Amino acid sequence: QVQLVESGGGVVRPGGSLRLSCVGSTAIFNTYNMNWVRQVPGKGLEWVSFISNTGESTLYANSVKDRFTVSRDNTKGTLDLQMDNLQPEDTAVYYCGGLRFGTLYNSNRRDDYEYWGQGTQVTVSS
């Protein structure tokens, strides 16, 4: 059963922008801290961003800081990731996930997520 659904991926040139969205139930969004995590084929998961369940706290990986912005609307059950100045190294499958309680905010472990989406492909290429 799919609990989270991502969308918004695509192909963009270096320096371009994309906005990813993740949709789920308001019950999930009112309860869970949420992360964006990405994965390059053949490599492990890489944490991208964290947003607390209220949206008051956000944290970013150094590799995306000042380029990516995470936001959420719990009333609609949506999580967004605005990605600006995209670079080829941002190419990956992007996943949204709801963190299990007590889990470190920047977890790269799939088992640390109570809810997980199917992913959306982002390709940055000239």
Side-chain angles (χ1 to χ4, degrees):
Q1 183 177 2
V2 177
Q3 303 282 2
L4 299 173
V5 179
E6 301 97 336
S7 63
V11 180
V12 64
R13 295 186 183 278
S17 298
L18 283 174
R19 188 176 183 88
L20 304 184
S21 293
C22 170
V23 180
S25 73
T26 55
I28 294 174
F29 276 77
N30 282 321
T31 303
Y32 289 86
N33 298 327
M34 301 291 293
N35 277 358
W36 285 98
V37 180
R38 66 188 182 186
Q39 186 171 31
V40 175
K43 295 188 177 181
L45 295 174
E46 177 189 10
W47 170 72
V48 173
S49 70
F50 163 92
I51 186 167
S52 61
N53 63 329
T54 62
E56 293 179 352
S57 177
T58 59
L59 295 164
Y60 299 92
N62 287 336
S63 59
V64 306
K65 195 176 296 182
D66 298 327
R67 298 189 298 122
F68 290 11
T69 304
V70 63
S71 60
R72 66 192 295 165
D73 186 338
N74 289 350
T75 65
K76 298 179 181 178
T78 59
L79 172 74
D80 291 336
L81 185 68
Q82 176 65 40
M83 306 186 297
D84 298 319
N85 190 23
L86 283 160
Q87 300 300 315
E89 53 266 34
D90 295 316
T91 295
V93 177
Y94 284 70
Y95 299 92
C96 62
L99 278 167
R100 296 187 189 278
F101 298 125
T103 300
L104 199 62
Y105 73 92
N106 60 350
S107 173
N108 287 332
R109 298 177 65 245
R110 173 64 182 88
D111 288 346
D112 285 341
Y113 291 86
E114 186 74 35
Y115 297 99
W116 191 255
Q118 85 290 349
T120 186
Q121 175 71 47
V122 171
T123 303
V124 185
S125 175
S126 55

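Note that the coordinates shown come from a computational prediction; the quantities given were computed from them, not determined experimentally. All residue numbers in this chain count up from 1 along the given sequence. What you see below is based on every heavy atom in this structure, not just the backbone, and it leaves out hydrogens, waters and symmetry mates.
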Do D112 and L104 have side chains that approach each other closer than 4.5 Å (heavy atoms only, starting at C-beta)? no

Side chain of E6, backbone of G119: donor and acceptor closer than 3.5 Å? yes

Might you point out which heavy atoms bring L79 and C96 nearest each other, and give the distance in Å? CD2-CB, 3.8 Å

Quick one: list whatever passes salt bridge (Lys or Arg N to Asp or Glu O under 4.0 Å) with R110, sequence neighbours left out. none

Supply the atom-to-atom distance F101 CZ to N33 CG, rounded to the nearest 0.5 angstrom. 8.0 Å

Test side chain to side chain contact (heavy atoms under 4.5 Å, CB included) applied to K65 - qualifying residues, sequence neighbours left out: Y60, N62

Please report the closest heavy-atom contact between L81 and S49, naming both atoms and the distance. CD1-OG, 3.9 Å

All side chain to side chain contact (heavy atoms under 4.5 Å, CB included) counterparts of L59, not counting sequence neighbours: W47, F50, Y105

Can you name the side chain to side chain contact (heavy atoms under 4.5 Å, CB included) partners of V122, sequence neighbours left out? L18, L20, M83, Y94, V124

If we only count heavy atoms from C-beta on, is the V11 to Q121 side-chain gap below 4.5 Å? no

Would you list the pairs meeting side chain to side chain donor-acceptor pair (under 3.5 Å) in which at least one residue belongs to residues 74-83, sequence neighbours left out? R19-D80, R19-Q82, S21-D80, R72-N74, D73-T75, Q82-D84

Student check: side-chain heavy atoms of V5 and Q118 closer than 4.5 Å: yes

Any residue meeting side chain to side chain donor-acceptor pair (under 3.5 Å) with N108, in chain and number order, not counting sequence neighbours: none

Set of residues satisfying side chain to side chain donor-acceptor pair (under 3.5 Å) with respect to E89, sequence neighbours excluded: none

Restricting to pairs with a member in residues 25-35, which pass salt bridge (Lys or Arg N to Asp or Glu O under 4.0 Å), not counting sequence neighbours? none

List the residues meeting ring pair (Phe, Tyr, Trp, His ring centres under 6.0 Å) with Y113, not counting sequence neighbours, and say none if there are none. W116

Under a 4.5 Å cut-off applied to non-hydrogen side-chain atoms, are V70 and F68 in contact? no

Test of understanding: with side chain to side chain contact (heavy atoms under 4.5 Å, CB included), list the residues that count as partners of V40, not counting sequence neighbours. K43, A92

Under 3.5 Å donor-acceptor pairs involving side-chain atoms of residues 22-32, not counting sequence neighbours:
unit_1: S25; atom_1: OG; unit_2: I28; atom_2: N; d: 3.2
unit_1: N30; atom_1: ND2; unit_2: T26; atom_2: O; d: 3.1
unit_1: T31; atom_1: OG1; unit_2: A27; atom_2: O; d: 2.9

What pairs of residues pass the salt bridge (Lys or Arg N to Asp or Glu O under 4.0 Å) test when at least one of them lies in residues 24-38, not counting sequence neighbours? R38-E46, R38-D90

